[in-house]
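Just below is one structure, and these are the notes that go with it.
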Amino acid sequence: MKRLLFAFCLFAIFPQARAQAAPTIETAIPTLLLSLLFVVFIIFVLAAVIKRSNLSTLGVKGLKVVTMLPLSTREKLVVVDVNGKQVLLGVTQHNINLIKELDEPLPQNVGNAVLNQSFKKIFEQVKQRD
């Protein structure tokens, strides 16, 4: 009873509430599509922000990828700094293998030419070992 009285008072005070019709399918579909596009846009923006800011690696301390050399679409060589000691890892789709613990650390934040020379040295050392 209280709800009916409240609804009657509401319609008496705000006559424009009576004039509004229920949404039809023609008016609901564009609103739905625009809402969906907005949500998808927000998801892509948040993914880009997270990727740029490296928020996914915030909890990792003492580990840092120094450089990476792709060998194919699924295999790569990665030099990782573990608390000041660098290791060369072979990464495939199913395995991660320790190839060598580096005697000399690779320089960080340098150009590709210097890193390529360093990789060349490492490969020569690994070849000599085998």
**Message:** For L34 and L36: C-alpha separation, side-chain torsions, deciding distance, then whether side chain to side chain contact (heavy atoms under 4.5 Å, CB included) applies.
**Reply:** CA-CA 5 Å; L34 285 175; L36 180 65; over 6 Å; no
**Request:** Assess whether side chain to side chain contact (heavy atoms under 4.5 Å, CB included) is satisfied between V80 and K64, documenting all intermediate values.
**Result:** CA-CA 6 Å; V80 179; K64 182 177 178 185; over 6 Å; no
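The NZ atom of K76 sits 11.0 Å away from the CG atom of L89 when rounded to the nearest 0.5 Å. Atom CG of L88 sits about 10.5 Å away from atom OG1 of T67, to the nearest 0.5 Å. Here CG of L69 is found 12.0 Å from CD of E75. Values are rounded to the nearest 0.5 Å.
Taken together through direct or relayed side-chain contacts under 4.5 Å among Ile, Leu, Val, Met, Phe, Trp and Tyr, I96 and V65 form part of one hydrophobic cluster. Both V91 and L63 are part of a single hydrophobic cluster, where members link through side-chain heavy atoms under 4.5 Å apart. Put simply, I43 and V45 are part of two different groups of oily side chains (I, L, V, M, F, W, Y) that touch within less than 4.5 Å, one to the next. Under the 4.5 Å side-chain heavy-atom criterion for Ile, Leu, Val, Met, Phe, Trp and Tyr, L46 and F38 are members of the same hydrophobic cluster. Under the 4.5 Å side-chain heavy-atom criterion for grouping Ile, Leu, Val, Met, Phe, Trp and Tyr, V78 is connected to L98 within one hydrophobic cluster.
With a 4.5 Å cut-off on side-chain heavy atoms, V87 and V79 do not count as touching. In this structure the side chain of L77 never reaches within 4.5 angstrom of the side chain of M68, judged on heavy atoms.
E104 pairs by the side-chain hydrogen bond (donor to acceptor under 3.5 Å, both in side chains) definition with nothing, not counting sequence neighbours.
Around CD1 of I25, the count of heavy atoms belonging to other residues, nucleotides or ligands within 6.0 Å does not exceed 12.
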